[in-house]
Amino acid sequence: MPTTKFDKESIKNSIVGKIQRYNGLTIEEATPQQIYRAVAFTVRDQIMQKYMKAREERKTSKKKRLYYLSVEFLMGRAMYCNMLNLVSTKEYTEALQELGIDIQDVLKEEPEPGLGNGGLGRLAACFLDSLSSLNLPAMGCTIRYEYGLFRQKIVDGQQVELPDSWLENGNAWEAPVMQDTCEIHFGGHVEEIELNGHKKYVTKDYYTVEAVPYDMPIVGYDTGNVNALRMWSARSPKKLDLSSFGEGRFVQASEEIELAEAISKVLYPEDKHYEGKMLRLKQHYFFTSATLQYIIKDYKKTYGDDLSKLPEKVVIHINDTHPGMAIPELMRILIDEEGMGWDEASSIVQRTIAYTNHTIMAEALERWPVNMVQQLLPRVYQIICEMNRRLCERLWNRFPGEWDRIANMAIVSYDNVHMANMCVAMSYSVNGVSKLHGEILKEETFHDFNLVMPEKFSAITNGITHRRWLINCNPELTDLINESIGTKWIKQPEELSALRSFADDAAFRDRFAEIKEHNKARLAKLLKDRQNVTVDPSFMFDVQAKRLHEYKRQMLNALHIMVLYNRIVNDESFTMQPRVFIFGAKASPGYYRAKQIIRMICALSRMIEKHPRARKMLQVVFLENYDVSSAEVLIPAAEVSEQLSTASKEASGTGNMKFMMNGAVTIGTMDGANVEISEQVGMDNIYIFGMRADTVRDMYRENNYNPMSIFETNQEIRLAMTQMIDGTLMPEAPSALQDLYHSLLLGDWGSMGDNYFVLKDFGSYSMAQRRLEKDYGNRKKWLKMAVTNTAMSGIFSSDRTIREYNDTIWHLEPMEF
Ligand code: 26Q
């Protein structure tokens, strides 16, 4: 195959040619959208050449392959990162320039695939980038949602959700793979039959939905390797039959089609909140079953029909429990379709599947009502029951008579299927996502399992791809780093530590500061253009951006701002370092308290705006529709990174890593990966506050925390909280924040309120903020801290994370190019 060279001239020719052929236009006549598509297809041509070779290499080398199953992949825009990984950004930028086009104008035409809620989905996307870049053979597998996470608008200070129809203008980065279309069966009932003296189970009267895969190429950085993200789309096998129109069956037929295709219609916007919705169970089984059918088909094509070697050639990684139906589904295929016995099938499953846990929050633990599973997946349910029976038998021998303990570890108990227990019992590896989280899993969440099968448990700290989260989003800082320490860090990100000594170099610090100013100006422009909000780039930029959750404690930040406001308003001589607090956060549409917190933040913004003296040093901005693309502008502009979760609640966090890599200093609790960030930079380069995880645990156990006593004794808190409901904060709707106010003082379900210890940690937070503010005034000291943060961030590259997964769990061999 002749490889086209993609130099500047051929890029220009390709773009012009595509616009001519697709649109019949000259480049001057083309719309930005048409130009975007022509550029995207040029990049895609370049990728496809590599893609075909990489597939050849994988087929002939017969190496073990990873399937990373996740119900979310929060990919973000693809174009610039693809150019980056092709090492062609310069060529494309110049080619476009010579055609009279600014590459930035092209990039912003791309709709962002937001097929994820937050951390878990974004982690999956970072992993794909690192897997490809490390030449590991892997495929991501997920659902091709027609609608990704809702778009957020703020109307009258409140969140309004709009649909995200990201596929409206087509998707330049995907290709359907029709030959891999398969059938998914739902419902029906199981019959036991005898075949050649063997019992066999067949499901009758099921209904079928077709799964159609669309593959999106994932290019590795500066390598021939291209993996794929496979997205399954649901399609009804029924075709609309126009002859039925006259017979009145047309409407019914179209309803059935609707119903089948609803499966891949929309991403659920709930983050860490379980609800037993049938459609969601359908989604999970749909993409898991389609993926497993494909895995078996591909295995047989390469290695023949003997499935006993499956664990040597395939590893299936499930991203939290959501794809956990892969376990009984693989059992079903091996037993019912391949004729294996239970023991052999179960042994294969337990050597093929690995599981990562991402949260210890009880309300996020996935469980399905028994009758729902039985009705939707009757054969899978039988298999789950048999797995449960065998597990309980084993546990009974180990813990005779300990009913409670066994019920807590069972797969089926209290009329529910407990997905986490199934995943732990049936996979060969269970990992947490930071050191602390790994410990909590062993000590608490899966304490009893750890007694029975300790060899399964490990912790691998999350990471982020430094290609998207530094090179792509902060080009100026990238150039400065390259000039200072060379480019070795790009392939070995830990080498960033060579920057550490530059913290003492005044000229370097000045340039570092200048770049931060540019990034702040870029964010200021975005806020002006998108929201007509003016921010002063000479203010300190303090950012808290993440999903809205009580445990993440945006309230701690908000209350502190209210306290600062009061200090300004009540003391004419009070001054502070001018600071803009920027929030970015989507709330699940049904999470009332989260939405109230957004209201509170927006109300703070308006209240401060109205006060002539306060607004000279204090500002609050709510960045609408926080997504991957806006994060790429927001994070490089941040000087302070707020990571305030109640210790033990944030499994890892990955935003914390993105901010530090871009030179923001963290104020945070000893939670998740913050602990490891503090180890990397040292306690002098981070502001740690609040209770530690073990204290939090003791507080929950003792259950005698009384927030009211803090409210009564701390005047600043009492005033700030009272203002939430006395009309100071919300003159138009003084009672709007009643429930939020009460949640901090009065408990439900036997607690005494303030379940996440906002009031308890407030004093310590406020002190840390004082130290931070003082240090910010010392420019040299502050810049040293900022530089140190970037320098020590290399270990949080997802390349390191993926290497650890590979060395300890997957054991894949890199491909050679
Ligand atoms: C629960 C029940 C049924 C269906 C879905 C769910 C559900 C959905 C989303 C449960 C959890 C989630 C999301 C979890 C998540 O994003 N966790 C985050 O994962 C990151 C990557 O490991 C960590 O960095 C974060 O600390 C963790 O909160």
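Numbering of ligands and ligand atoms starts at 1, following listing order. As the structure is a computational prediction, the values presented were derived from the model and not from experiment.
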Distance flag, aromatic centroids of [Y] and [X], threshold under 6.0 Å:
| X | Y | answer |
| --- | --- | --- |
| Tyr145 | Phe73 | no |
| His549 | Tyr591 | yes |
| Tyr67 | Trp810 | no |

Just by distance, no angles: are the side chains of [X] and [Y] close enough, under 3.5 Å, to form a donor-acceptor pair?
| X | Y | result |
| --- | --- | --- |
| Arg379 | Gln382 | yes |
| Thr666 | Gln643 | no |
| Asn388 | Asn421 | no |
| Asn625 | Lys586 | yes |
| Asn431 | Ser458 | no |
| Arg547 | Ser588 | yes |

Under 4.0 Å from a heavy atom of [X]: give me the atoms of ligand 1 that qualify, with their elements.
| X | value |
| --- | --- |
| Tyr274 | 2 (C), 3 (C) |
| Tyr551 | 28 (O) |
| Ala651 | 26 (O) |

Nitrogen or oxygen of [X] less than 3.5 angstrom from that of ligand 1:
| X | result |
| --- | --- |
| Gly653 | yes |
| Leu123 | no |
| His358 | yes |
| Ala364 | no |
| Glu650 | yes |

> Is the shortest side-chain N to carboxylate O distance from Glu650 to Arg553 below 4.0 Å?
Replying inline: no
> Side chain or backbone of Trp368 under 4.0 Å from ligand 1, or both, or neither, by non-hydrogen atoms?
Replying inline: neither
>> One residue to check: Asn462. Relative to ligand 1, which of side chain, backbone, both or neither has a non-hydrogen atom less than 4.0 Å away?
In response: side chain
> What do you reckon, does Val433 put a non-hydrogen atom under 4.0 Å from ligand 1?
Replying inline: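 It does; at least one heavy atom falls under 4.0 Å.
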Which residue and non-hydrogen atom of the protein lie closest to [atom], and at what distance in Å?
| atom | result |
| --- | --- |
| atom 12 (C) of ligand 1 | Lys272 N, 3.4 Å |
| atom 10 (C) of ligand 1 | His322 NE2, 3.4 Å |
| atom 13 (C) of ligand 1 | Asp271 OD1, 3.6 Å |
| atom 5 (C) of ligand 1 | Arg280 NH2, 3.1 Å |
| atom 16 (O) of ligand 1 | Leu120 N, 3.0 Å |

